[in-house]
Asks: 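Handing you a structure now.
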Amino acid sequence: EAGVVQSPRYKIIEKKQPVAFWCNPISGHNTLYWYLQNLGQGPELLIRYENEEAVDDSQLPKDRFSAERLKGVDSTLKIQPAELGDSAVYLCASSPGLANEQFFGPGTRLTVL
Amino acid sequence: SQQGEEDPQALSIQEGENATMNCSYKTSINNLQWYRQNSGRGLVHLILIRSNEREKHSGRLRVTLDTSKKSSSLLITASRAADTASYFCATDLSNDMRFGAGTRLTVKP
């Protein structure tokens, strides 16, 4: 069974440019998470989806970040415009339901110059 | 914001020794989970312990939970070089998952 797929794995952009990350969760997993991880730190939740509904986006900087999960499967996280401080690893995870273990993708390492 | 705090921040041991990592948290939880992350990779789930459980085992892993002290520990017995990684605890309250900053474990061969 395929795990959580993320693309791209690496992205280098200049500040003020837009960037998008894509995530394909494990088949059948209704819950999808986007996390941000800075070097030497643990993941910080940005947004959680239950099917296509964003049920927890309190930590998402809505002035520049947006996310969508059309049809309750794949998800896209976008930053527009990117700032230097956005350089981090963006992790996607999915789980079969609430209060279950999460399965993480390999992450997208973003570098903003 | 991160709720769990792992201790120590870094741990270096010899292969074959046991490794113990601790996690403290601030609010009541539904469950607590431990994850491992190898350098440059995603997190891998190790074990989940629910708030009404006190101890769980999985292979060489032993996790304890003390809800009165709001703390948990992860014990890895007979460590191997392949156990070298960062270990994170994550607390779950009403499906609001919060990770700590992690313990960086190095197992020297």
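Hydrogens, waters and symmetry mates play no part in the numbers below; they use all other heavy atoms, side chains included. Reminder, nothing fancy here: chain letters follow the sequence lines and each chain counts from 1.
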Asks: Can you say whether B:Q37 sits under 4.5 Å from chain A via the side chain, the backbone, both, or neither, judging by heavy atoms?
Replies: side chain
Asks: Where does B:R50 contact chain A at under 4.5 Å (heavy atoms): side chain, backbone, both or neither?
Replies: side chain
Asks: Linking I/L/V/M/F/W/Y whenever their side-chain heavy atoms sit closer than 4.5 Å, directly or via other members, would B:Y25 and B:V63 fall into one cluster?
Replies: yes
Asks: Would you kindly confirm whether A:L36 and B:F88 end up in one hydrophobic cluster when ILVMFWY residues are joined by side chain heavy atoms under 4.5 Å apart?
Replies: no
Asks: Would you say A:L70 and A:W22 are hydrophobically clustered, going by side-chain heavy atoms of ILVMFWY under 4.5 Å?
Replies: no
Asks: Under 4.5 Å heavy-atom distance to chain A, tell me which part of B:L43 shows up: side chain, backbone, both or neither.
Replies: both
Asks: Using the rule salt bridge (Lys or Arg N to Asp or Glu O under 4.0 Å), only one of A:K15, A:K11, A:R64, A:R109 pairs with A:D86; which is it?
Replies: A:R64
Asks: With only heavy atoms counted, which part of A:Q6 is less than 4.5 Å from chain B, the side chain, the backbone, both or neither?
Replies: neither
Asks: Name the member of B:Q33, B:E6, B:R41 that forms the most heavy-atom pairs with chain A at distances under 4.5 Å.
Replies: B:Q33
Asks: Just by distance, no angles: are the side chains of A:D56 and A:S58 close enough, under 3.5 Å, to form a donor-acceptor pair?
Replies: yes
Asks: Measure distances from A:F103 to the heavy atoms of chain B and classify the residue's part below 4.5 Å as side chain, backbone, both or neither.
Replies: neither
